[in-house]
Amino acid sequence: MADRDITTGFHRQIPFNIGIPMLEIKFVRQNFPTVEAALKARGAAVDLVAFTRADAQRVDILSEIEQLRHQRNVVSEQIADIKRQGGDAGTMMAEMRTVGERIKGLEKDLAEQEQILGGLLLEMPNLPHASVPPGLSEEDNPVLKTVGQPPVFDFTPKGHWDIGEQLGILDFTRAARIAGARFPLYLGAGARLERALINFMLDTHTGEHGYTEVLPPFLVNRRSMTNTGQLPKFADDLFKLENWDYFLIPTAEVPVTNIHQDEILTEAQLPIYYTAYTPCFRSEAGSYGKDTRGLIRQHQFNKVELVKFTRPESSYEELERLLDNAETILRRLGLAYRVVTLCSGDLGFSAAKTYDIEVWMPAQGVYREISSCSNFESFQARRANIRFKEKGRKGTQLVHTLNGSGLAVGRTVAALLENYQRADGTVAVPEALRPYMGGKDTIGR
RNA sequence: GGAGAGAUGGCCGAGUCGGCUGAAGGCGCUCGCCUGCUAAGCGAGUGUGGGGGGAAACCUCCACCGAGGGUUCGAAUCCCUCUCUCUCCGCCA
């Protein structure tokens with residue numbers, strides 16, 4: 001396979017520079033009060049004093065370096081002239097030698113300040129959009145709308161884990177033997193159902209919603225994880241390969257958003273819509289004892305993701321549309337759901353605004369998250385360096401990135417099993433899915 | 001795994017013994033001209049980031065020729081390390 005350094009046991013450490021997030025520095029410097037207030041609203045502790053100090057020092061050092069470099073450039077030119085005419089430039093060369101050393105020293109100082117700044121900036125969460133409701137936790141997320149009627153049963157509805165195991169289409173015991181807790185094993189009609197849903201979702205998004213299907217790598221490097229915001233702060237939530245600087249993707253958002261890393265798009269290309277099916281891998285660190293049964297919280301699950309790259313002015317409009325694209329799947333499957341707006345305190349690190357779609361789960365009698373649709377505005381684009389150029393306008397602008405699950409497939413299976421269960425233990429297949437299930441209208445024994 | 005070749009601007013492609021090369025030339029693109037349409041033709045312009053000046057057009061400085069480091073007064077050009085790409089052989093889904 002790949003190169004391997006036996007001495008360190010280290011496979012291909014992929015070097016990368018996240019670069020000096022200049023835009024980020026400028027943005028924070030210029031919007032200091034806003035940033036300060038927004039971070040407080042989020043409950044994020046960021047050392048803005050250290051930021052200001054490092055920023056000021058950086059600017060000082062940089063201007064001195066540039067001055068010296070200019071001097072060196074000019075004098076070097078003169079030396080060239082003198083030498084061409086056969087003269088002696090010994091003194092000038094000696095002089096420039098010390099200038100060169102001084103520059104080298106300053107460059108070291110500069111790198112130090114930039115390291116400090118970079119570290120702080122990478123740990124700074126996105127600022128919530130003005131429309132985000134204030135709040136501290138999940139409890140404070142307002143319900144935006146409720147769609148569909150939860151089904152009424154004339155028997156006590158069972159949990160999807162019981163239904164699935166009784167039908168022989170889910171087997172958590174064997175999955176645990178193969179891998180461990182929180183891994184799924186689908187069998188027969190269960191495996192078929194999972195695949196049917198993936199195809200149904202992809203077909204709907206590509207055929208009706210204008211998305212381009214992509215199938216990205218399931219392992220990504222550190223830079224990609226950093227760009228979308230999983231790193232550096234949330235390394236504990238990720239699975240990382242031993243001896244390789246690769247991570248298993250926790251969502252297709254990571255590889256798909258990074259498709260255009262370091263690119264300058266043209267305005268004509270925007271908006272770009274991608275949809276991707278991928279498995280997702282999450283360590284679920286710190287969730288011991290939560291959702292231990294069933295498909296709700298797994299180390300590995302499938303998801304169909306929606307990702308958009310848009311112009312800044314239209315990103316919120318696009319968010320509404322993306323949300324509707326995800327909702328469409330639930331409506332077609334005839335599942336009851338509601339949409340909540342995440343409050344400032346519950347917002348993810350990279351998001352400026354997020355809607356969660358929650359599907360009705362009869363066994364527990366609660367709505368459970370099945371999709372999360374977010375606008376990241378320019379946050380990820382800044383880190384990933386994704387810009388676009390507008391005709392007749394100088395320079396470049398950052399795109400806005402958005403994404404949402406459309407939907408989490410494992411949770412959709414769970415919802416279908418519970419919502420369409422019958423007293424005899426069989427499960428009805430919703431109309432929309434039948435073509436993908438070989439015409440089957442029932443999952444039975 | 002073995003052997004070799006390469007990485008330059010939106011693309012193709014040149015860079016001499018290290019010195020006005022941010023980078024020839026071509027293509028593309030933009031604006032203007034011309035032609036009763038189209039094609040062709042002519043002229044000008046056309047990288048990114050950052051700093052300074054200016055109302056603006058624009059001017060000016062610094063950096064960037066895969067990445068990082070080194071040599072030097074001076075590096076796209078020399079040296080080292082890494083990454084990636086391509087070709088051939090082997091192996092493999």
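So that the names make sense, note that chain A is the first sequence line, chain B the second, and so on, each numbered from 1.
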- Between A/Arg69 and A/Arg97, name the one whose nearest nucleotide on RNA chain B is closer to the 5' end. A/Arg69
- Residue mapping more 5' on RNA chain B - nearest nucleotide basis, A/Gln67 or A/Ser63: A/Ser63
Which base sits across from [N] as a Watson-Crick or G-U pair, both distances under 3.5 Å?
{"N": "B/rC37", "answer": "none"}
{"N": "B/rC78", "answer": "B/rG70"}
{"N": "B/rA44", "answer": "B/rU30"}
{"N": "B/rC65", "answer": "none"}
{"N": "B/rG54", "answer": "none"}
{"N": "B/rC86", "answer": "B/rG4"}
{"N": "B/rG9", "answer": "none"}

Taking [M] as the reference, what is the distance to [N] when you measure between their [atom1] atoms (whole Å, please)?
{"N": "B/rG18", "M": "B/rG4", "atom1": "P", "answer": "26 Å"}
{"N": "B/rA93", "M": "B/rA3", "atom1": "C1'", "answer": "25 Å"}
{"N": "B/rA55", "M": "B/rG47", "atom1": "P", "answer": "25 Å"}
{"N": "B/rG13", "M": "B/rG19", "atom1": "P", "answer": "24 Å"}
{"N": "B/rG15", "M": "B/rA23", "atom1": "C1'", "answer": "9 Å"}
{"N": "B/rA24", "M": "B/rU85", "atom1": "C1'", "answer": "26 Å"}

Just how far, in rounded Å, is [atom2] of [N] from [atom1] of [X]?
{"X": "A/Arg222", "N": "B/rA67", "atom1": "CZ", "atom2": "C1'", "result": "17 Å"}
{"X": "A/Gln71", "N": "B/rC62", "atom1": "CD", "atom2": "P", "result": "12 Å"}
{"X": "A/Glu107", "N": "B/rG50", "atom1": "CD", "atom2": "P", "result": "20 Å"}

From the set [options], return the single nucleotide nearest to any side-chain atom of [X].
{"X": "A/Met96", "options": "B/rG19, B/rU48, B/rC73", "result": "B/rC73"}
{"X": "A/Glu66", "options": "B/rG50, B/rU48, B/rC73", "result": "B/rG50"}
{"X": "A/Thr396", "options": "B/rG49, B/rG19, B/rC62", "result": "B/rG49"}
{"X": "A/Ser76", "options": "B/rU48, B/rG19, B/rC61", "result": "B/rG19"}

Given [N], is OP1 or OP2 found less than 4.0 Å from the side-chain N or O atoms of [X]?
{"X": "A/His70", "N": "B/rC62", "result": "yes"}
{"X": "A/Lys389", "N": "B/rU48", "result": "yes"}
{"X": "A/Asn385", "N": "B/rU48", "result": "no"}
{"X": "A/Lys104", "N": "B/rU71", "result": "yes"}
{"X": "A/Arg72", "N": "B/rG74", "result": "yes"}

- Query: Within a radius of less than 6.0 Å around CD of A/Glu431, do more than 12 heavy atoms belonging to other residues, nucleotides or ligands occur?
  - Reply: no
- Step by step, work out the side-chain contact (heavy atoms from CB on, under 4.5 Å) result for A/Leu342 and A/Val132. CA-CA 7 Å; A/Leu342 297 200; A/Val132 169; over 6 Å; no
- Message: Could you check whether A/Arg368 pairs with A/Glu418 (Lys NZ or Arg NE/NH1/NH2 to Asp/Glu carboxylate O, under 4.0 Å)?
- Response: no
- Short N-O contact, A/Asp162 and A/Arg293, less than 4.0 angstrom: yes
- Task: Taking atom types as modelled, find out whether A/His205 and A/Thr275 have a side-chain donor-acceptor pair closer than 3.5 angstrom.
- Result: no
- Are A/His209 and A/Tyr273 an aromatic pair by the rule of ring centers under 6.0 Å? no
- Proximity of A/Phe379 and A/Phe349 rings by center, below 6.0 Å: yes
- Task: Please work out if A/Asn73 contacts a base, only the sugar-phosphate, or nothing of the nucleic acid, heavy-atom cut-off 4.0 Å.
- Result: sugar-phosphate
- Check every strand shown and say whether A/Met93 touches a base, only sugar-phosphate, or nothing at a heavy-atom separation below 4.0 Å. base
